[in-house]
Amino acid sequence: QVQLVESGGGLVQAGGSLRLSCAASESIFAIGAMGWYRQAPGKQRELVAAITSGGTRDYADSVKGRFTISRDNAKKTVYLQMNSLKPEDTAVYYCAEDRLYRTVLTGNPRYWGQGTQVTVSS
């Protein structure tokens, strides 16, 4: 069982930045695709960003140019750098892992973290 633990959430003013981290418990991280998702109150969970083991990235249109996903395979950690934050970015952010990138892109990865709250005040 792979465990994923997110950290780095918090309260920030609009225009500010946060960096989320997601640490994986197993070496499978090195070959798995990773994704960051978010869910705001009353809304469906959505994919924010995804990255393959080789570094290919995809982003939701709403965060392109503001968020950057990256990974450090040696540290078994994936990051989400969030800049120019907006109140509409407020949500619980989850990281997730799957062997298949397409599964991450479609929102059905096998392993999920517990989530970290990001709140952006106006």
- Item | Selection residues 45-59 - residue pairs positive for salt bridge (Lys or Arg N to Asp or Glu O under 4.0 Å), sequence neighbours left out |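 As it turns out, the salt bridge (Lys or Arg N to Asp or Glu O under 4.0 Å) pairs with a partner in residues 45-59, which skip direct neighbours, are R38-E46.
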- Query: Could you give all pairs that pass the salt bridge (Lys or Arg N to Asp or Glu O under 4.0 Å) test and reach residues 3-19, with sequence neighbours left out?
  - Reply: none
Quick one: does [X]'s side chain have a donor or acceptor within less than 3.5 Å of a partner on [Y]'s backbone?
X	Y	answer
T56	T52	no
T77	K75	yes
N73	K76	no
T116	G9	yes
S122	P87	no
S25	Q3	yes

- Is there side-chain contact between T119 and V12, with at least one heavy-atom pair below 4.5 Å?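 No. Closest side-chain heavy atoms not under 4.5 Å.
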- Query: Hey, does L20 have a side-chain heavy atom less than 4.5 Å from the side chain of V118?
  - Reply: yes
- Message: Please list all pairs meeting disulfide bond (SG atoms under 2.5 Å apart) that have one or both residues in residues 93-122, counting only residues at least two apart or in different chains.
- Response: C22-C95
- Item | Audit row: Q39, Y93, side-chain contact (heavy atoms from CB on, under 4.5 Å) steps and yes/no | CA-CA 7 Å; Q39 187 166 22; Y93 283 71; over 6 Å; no
- When you look at T68 and L80, which way does the side-chain contact (heavy atoms from CB on, under 4.5 Å) test go after all the steps? CA-CA 6 Å; T68 301; L80 186 67; over 6 Å; no
- Message: Taking side chain to side chain donor-acceptor pair (under 3.5 Å) as the definition, give me every residue that meets it alongside S17, ordered by chain and number, with sequence neighbours left out.
- Response: N83
- Find the distance between CG (L11) and CG (L18) and round it off to the nearest 0.5 Å. 9.0 Å
- Between the CZ atom in R110 and the CG atom in D98, the distance rounded to the nearest 0.5 Å is 5.5 Å
Mind checking what makes side-chain contact (heavy atoms from CB on, under 4.5 Å) contact with [X], not counting sequence neighbours?
X	value
K64	Y59, D61
V92	Y94, Q117
R66	V63, S84, K86, D89
A50	L47, Y101, V104, L105

- Message: Using a 4.5 Å cut-off between side-chain heavy atoms of Ile, Leu, Val, Met, Phe, Trp and Tyr, which other residues end up in the same hydrophobic cluster as Y79?
- Response: none
- Item | Set of residues satisfying ring pair (Phe, Tyr, Trp, His ring centres under 6.0 Å) with respect to Y37, sequence neighbours excluded |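 With sequence neighbours excluded, Y37 shows a ring pair (Phe, Tyr, Trp, His ring centres under 6.0 Å) to W112, given in chain and number order.
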- Chi angles and distances behind the side-chain contact (heavy atoms from CB on, under 4.5 Å) call for F67, V48: CA-CA 9 Å; F67 290 11; V48 175; 3.6 Å; yes
